[in-house]
Amino acid sequence: MKHKLFDVLRRIGFLVLVVWTVVSLVTLLIELVPGDPAIAVLGQDAPPEQLAQFRARHGLDRPAFFFGFPQDKNGQRHFQWYGLNNRYDDYWIAILHGDLGTSFRSDKPVVDLILERYPATIELAIAAMLIAVCIAIPLGVIAGKNRGTWIDNTLSVVALVEISLPSFVIGPMLVFVFAVKLGWLAPSGRFDWSDIILPAFTLGAALSAILTRMLRSSVIEELGEGYVRTARAKGLSERTVVYKHVLKNGLIPVVIVLGLQLGVFLAGAIITEKIFGWPGLGLLLVEDGIAHRDYSVVQGCVLAISTTYILANTLTDMIYRWLDPRISVS
């Protein structure tokens, strides 16, 4: 009991440490980017009084961190300690109260913006993973069972092509074929259930190729194990041996990759969301956050992505243990 409690506390502590580190680094980097958020939002022609009012309303007239190197009248920089009177300290205090701040552009709470966009990103990521798994499992098993044959070589070439093609090539190609030429699917937007097909295929294509090659190697390795010979000696059909015994053990490395790729999809679906006009978190982070130096939006999006990434890894550990009870996750 004590060991389980310690393990839970350790995981929670690790979660807090990673989230704090990631958000702090992003906050530091965006503060170092040249430019003024007030000018980015209000424009170059905004009067000085309006710019000053904007900075005061959003706390931009206060120091960013605990210390800084401001310039004096002679243009010389010097070290100055600000103490707790800074935006970074206020941000984390607000998080403890469930407040992620307010967007500079829309004056909407960042929590509301994330809750509006996050379901679309989660939906796209899960759909892409399901498509990748549905493609990879049969192809990986077929390639593994037919090692060294023309079927194996053909599937290996297809997988290599899928890995080599980036999403900004696959996406427009799918739009041209299925939206422009055939007219079967919409080229962009999120209005109907079918609108997710093209972006999900675009995002999941490279992953399906990676999983196919991994599963092929796992099946080849597992087919040489002793329990396979025992199962065949008992009279089990080849289909039962492969899909009930070999596939379960062969899926262990695939599950690990899927857990890691979920976080990658959440952060790396920006190009796909841009191509298809998918209103997800990546589009919010780039267009509303980074492009307009909206600190609160950037911090909130990174906080949501990093937290989800760690939770996905924790879930991966649990599934990993379930697939193979011999493995002790500690």
Side-chain angles (χ1 to χ4, degrees), residues 15 18-42 58-60 64 87-88 90-92 94-95 98-129 166-168 171 188-190 195-196 198-200 202-204 206-207 260-313:
L15 169 64
V18 172
V19 169
W20 173 79
T21 303
V22 171
V23 176
S24 298
L25 288 176
V26 170
T27 302
L28 174 62
L29 292 175
I30 196 172
E31 289 283 356
L32 295 176
V33 174
D36 187 348
I39 296 178
V41 175
L42 301 178
H58 294 285
L60 297 175
R87 299 198 306 270
Y88 177 79
D90 293 344
Y91 177 74
W92 286 108
I95 285 182
D99 182 14
L100 297 182
T102 305
S103 172
F104 294 168
R105 293 188 62 197
S106 61
D107 282 331
K108 291 183 178 180
V110 175
V111 174
D112 294 343
L113 294 176
I114 293 176
L115 292 178
E116 289 176 4
R117 299 290 193 98
Y118 211 28
T121 298
I122 293 289
E123 179 183 324
L124 178 59
I126 293 177
M129 292 179 66
S167 59
F168 59 81
S188 63
R190 183 175 175 253
D195 294 339
I196 198 174
L198 292 183
T202 301
L203 195 60
L207 178 60
L260 297 176
Q261 284 295 319
L262 177 59
V264 175
F265 278 171
L266 295 177
I270 299 172
I271 297 178
T272 304
E273 291 181 1
K274 184 68 175 179
I275 293 173
F276 294 97
W278 190 261
L281 194 63
L283 216 57
L284 175 67
L285 173 62
V286 173
E287 293 189 347
D288 293 4
I290 297 176
H292 294 87
R293 292 179 58 83
D294 197 331
Y295 298 154
S296 297
V297 172
V298 174
Q299 291 168 326
C301 291
V302 172
L303 179 65
I305 291 173
S306 59
T307 302
T308 307
Y309 187 82
I310 297 173
L311 293 177
N313 285 347

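Both backbone and side-chain heavy atoms feed into the values below; hydrogens, waters and symmetry mates do not. Counting from 1, the numbers follow the sequence of the chain as shown. In this text, all values refer to a predicted model and were calculated from it rather than measured experimentally.
Tyr118 and Ala304 make their closest contact through OH-O, 3.4 Å (heavy atoms, listed as atom of the first residue, atom of the second, distance). Closest approach of Leu113 and Ser106 over heavy atoms only: CD1-OG, 4.2 Å. The two residues Arg190 and Pro279 make their nearest non-hydrogen contact at CB-CD, 3.7 Å. Of all heavy-atom pairs spanning Leu124 and Thr272, the tightest one is CD2-CG2, 4.5 Å. Residue Cys301 comes nearest to Leu284 through the heavy atom pair SG-CD2, 3.8 Å, listed as atom of the first residue, atom of the second, then distance. Considering all non-hydrogen atoms of both residues, Glu273 and Leu283 come closest at OE1-N, 2.9 Å.
Without hydrogens or angle criteria, Trp278 side chain to Ala120 main chain gives a donor-acceptor distance under 3.5 Å. Although no hydrogens or angles enter the test, the distance criterion places a donor-acceptor pair under 3.5 Å between the side chain of Thr121 and the main chain of Leu281. Judged by distance alone, with hydrogens and angles left aside, the side-chain atoms of Asp294 form a donor-acceptor pair with the main-chain N or O of Phe104 at under 3.5 Å.
From Ser296, atom OG reaches atom CZ of Arg105 across 14.0 Å, with rounding to the nearest 0.5 Å. Taking CZ of Arg293 as the start and CG of Leu60 as the end, the distance is 9.0 Å to the nearest 0.5 Å. For the atom pair CD1 of Ile271 and CG of Leu203, the computed distance is 10.0 Å after rounding to the nearest 0.5 Å. Note that CZ of Arg87 is 6.0 Å distant from OH of Tyr295, once rounded to the nearest 0.5 Å. Taking CD1 of Ile114 as the reference point, atom CG of Leu100 lies at 5.5 Å (rounded to 0.5 Å). Leu303 CG to Trp20 CH2: the interatomic distance, rounded to the nearest 0.5 Å, is 14.0 Å.
A side-chain donor-acceptor contact under 3.5 Å links Ser24 and Tyr88.
Glu116 is linked by a salt bridge (charged side-chain N to carboxylate O under 4.0 Å, His left out) to nothing, counting only residues two or more places apart in sequence or in another chain.
Under the 4.5 Å side-chain criterion, counting only non-hydrogen atoms from C-beta, Ile95 is not in contact with Gln299. The shortest side-chain heavy-atom distance between Ser306 and Val18 does not fall under the 4.5 Å cut-off. The closest side-chain heavy-atom distance from Val23 to Trp92 is below 4.5 Å. Contact annotation: the side chain of His58 approaches that of Asp107 to within less than 4.5 Å [non-hydrogen atoms, C-beta and beyond]. Side-chain contact check for Val297 versus Leu285: every heavy-atom pair is 4.5 Å or farther apart.
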